[in-house]
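Every value quoted in this text rests on a predicted model; they were computed, and no experiment measured them. We number each residue from 1, following the sequence as shown.
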Amino acid sequence: RAGTIAVRDTGGVGVAPPDVPAVTVDVTQRFQVIDGFGTTTRVFDDPHFSNTYDAATARSAVVIPQSAQDSIFAALYTDLGLTRVRYATDYGIEYPANDNADPNVVNPAGFNFAWKRLDAHVPYVQRARTFGVTMWYGSPILPEPWMDVNDVPEYVEYVMQLLRRWRDLGQPLPLWAIANEPDFAGARSPEFHRLAIRSLGAKMDAEGMTTRIVLADASYPTGALPIAQAVLGDSVARQYVAAVGTHLY
């Protein structure tokens, strides 16, 4: 398409008065390039998905057949054209207690990745990719209930186990966000981000992982700015960062 579009705020009454300024959109002029759109997702038998609950299974009481699931995938990722998935990480269920006292020695039995905790999200992403998804990542909502918000070594141990699990199940995560809305929930500080990314990045590199970091996934741009400044001002941490993100409320 070529040309310009003049837009006036009508105030919901149909025709704008002549003294309301027009905003002219030149559709031939490109500025920001948008790589894609997406949503945070839950697996189909998560009770949050249907808002129903089966006490016997602790899953959704509504069973969505494969054909209906495929119709949903097609509507989201083919027809609508969404290309990104951020899988939902529930608070306190993947790592409910510290696996041991040493963050450099992992006890795999201390992690529970079954079902919606992580494992069921992998086939969700694999199926979604056949319908058009090109990017997927995670972002923890809150620190695990026992974890101090300033404890970088324990946090890094936790994330490395998540990344290993995705890798071992055949779907390595391209991106990882340190925390969801760290300026609001969980109080992850700019300094925590800087130190965590330095440590996490070195460990990922040591295991040949190509996952990179999204920061800061903050509630507001004003919350993202100090985190971005702290991390991007550190040349070691900066090399592990792929994007700076913020929410807009």
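- Arg167 CZ to Met209 CE: the interatomic distance, rounded to the nearest 0.5 Å, is 4.0 Å.
- By the 4.5 Å heavy-atom criterion applied to side chains, Pro140 and Asn180 are not counted as neighbours.
- In this structure, the side chain to side chain donor-acceptor pair (under 3.5 Å) partners of Glu191, at least two apart in sequence or on a different chain, are Arg194.
- Shown here are the side chain to side chain donor-acceptor pair (under 3.5 Å) partners of Tyr137, two or more places apart in sequence or in another chain: there are none.
- Annotation for Asp148: atom CG counts as buried by contact number, over 12 foreign heavy atoms lying within 6.0 Å.
- Across all their heavy atoms, Ala58 and Pro47 have their closest contact at O-CG, 3.8 Å.
- A donor-acceptor distance shorter than 3.5 angstrom exists from the side chain of Thr130 to the backbone of Arg127, with no hydrogens or angles considered.
- Ring pair Phe113/Trp166: centre-to-centre distance not below 6.0 Å.
- Note on ring orientation: taking the six-membered ring where Trp is involved, the planes of Phe73 and Phe131 are parallel (angle under 30°, cut-offs 30° and 60°).
- Taking the ring axis of Trp115 as reference, the NZ or CZ atom of Arg59 stays within 45° of it and closer than 6.0 Å to the ring centre.
- Contact check for Met147 versus Tyr158: side-chain heavy atoms found under the 4.5 Å cut-off.
- Using a 4.0 Å cut-off between a side-chain N of Lys or Arg and a carboxylate O of Asp or Glu, Glu157 and Lys203 do not qualify as a salt bridge.
- Atom OG1 in Thr39 sits 6.5 Å away from atom CG in Leu76 (nearest 0.5 Å).
- In this structure, Leu118 and Phe111 have side chains that are not in contact, with every pair of non-hydrogen atoms separated by 4.5 Å or more.
- Remark: Asp168 engages no residue in a side chain to side chain donor-acceptor pair (under 3.5 Å) (not counting sequence neighbours).
- Only one option out of Thr134, Thr83, Ile72, Val85 pairs with Tyr77 in a side chain to side chain contact (heavy atoms under 4.5 Å, CB included); it is Val85.
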**Request:** Please test Asp35 against Arg84 for side chain to side chain contact (heavy atoms under 4.5 Å, CB included), starting from the C-alpha separation and ending with a verdict.
**Result:** CA-CA 9 Å; Asp35 289 332; Arg84 295 175 176 240; 3.4 Å; yes
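- Using modelled atom types and a 3.5 Å distance limit, the side chains of Gln161 and Arg164 yield a donor-acceptor pair.
- Grouping the Ile, Leu, Val, Met, Phe, Trp and Tyr side chains by contacts below 4.5 angstrom, directly or via other members, places Leu215 apart from Leu225.
- In the hydrophobic clustering of this structure, Met135 does not group with Ile34; members are Ile, Leu, Val, Met, Phe, Trp, Tyr whose side-chain heavy atoms approach within less than 4.5 Å, directly or through other members.
- Applying the side chain to side chain contact (heavy atoms under 4.5 Å, CB included) test between Ile197 and each of Ile178, Val156, Val236, Val152 identifies Ile178 as the sole match.
- When only modelled atom types and interatomic distance are considered, Ser60 and Asp45 share no side-chain donor-acceptor pair under 3.5 Å.
- In this structure, the side chains of Tyr124 and Trp136 stay at 4.5 Å or more apart for every pair of heavy atoms.
- Looking at Arg188 and Asn150, their side chains never bring a donor and an acceptor atom within 3.5 Å of each other.
- Scanning all heavy atoms of the two residues, the minimum distance from Met204 to Thr211 falls at CE-O, 3.3 Å.
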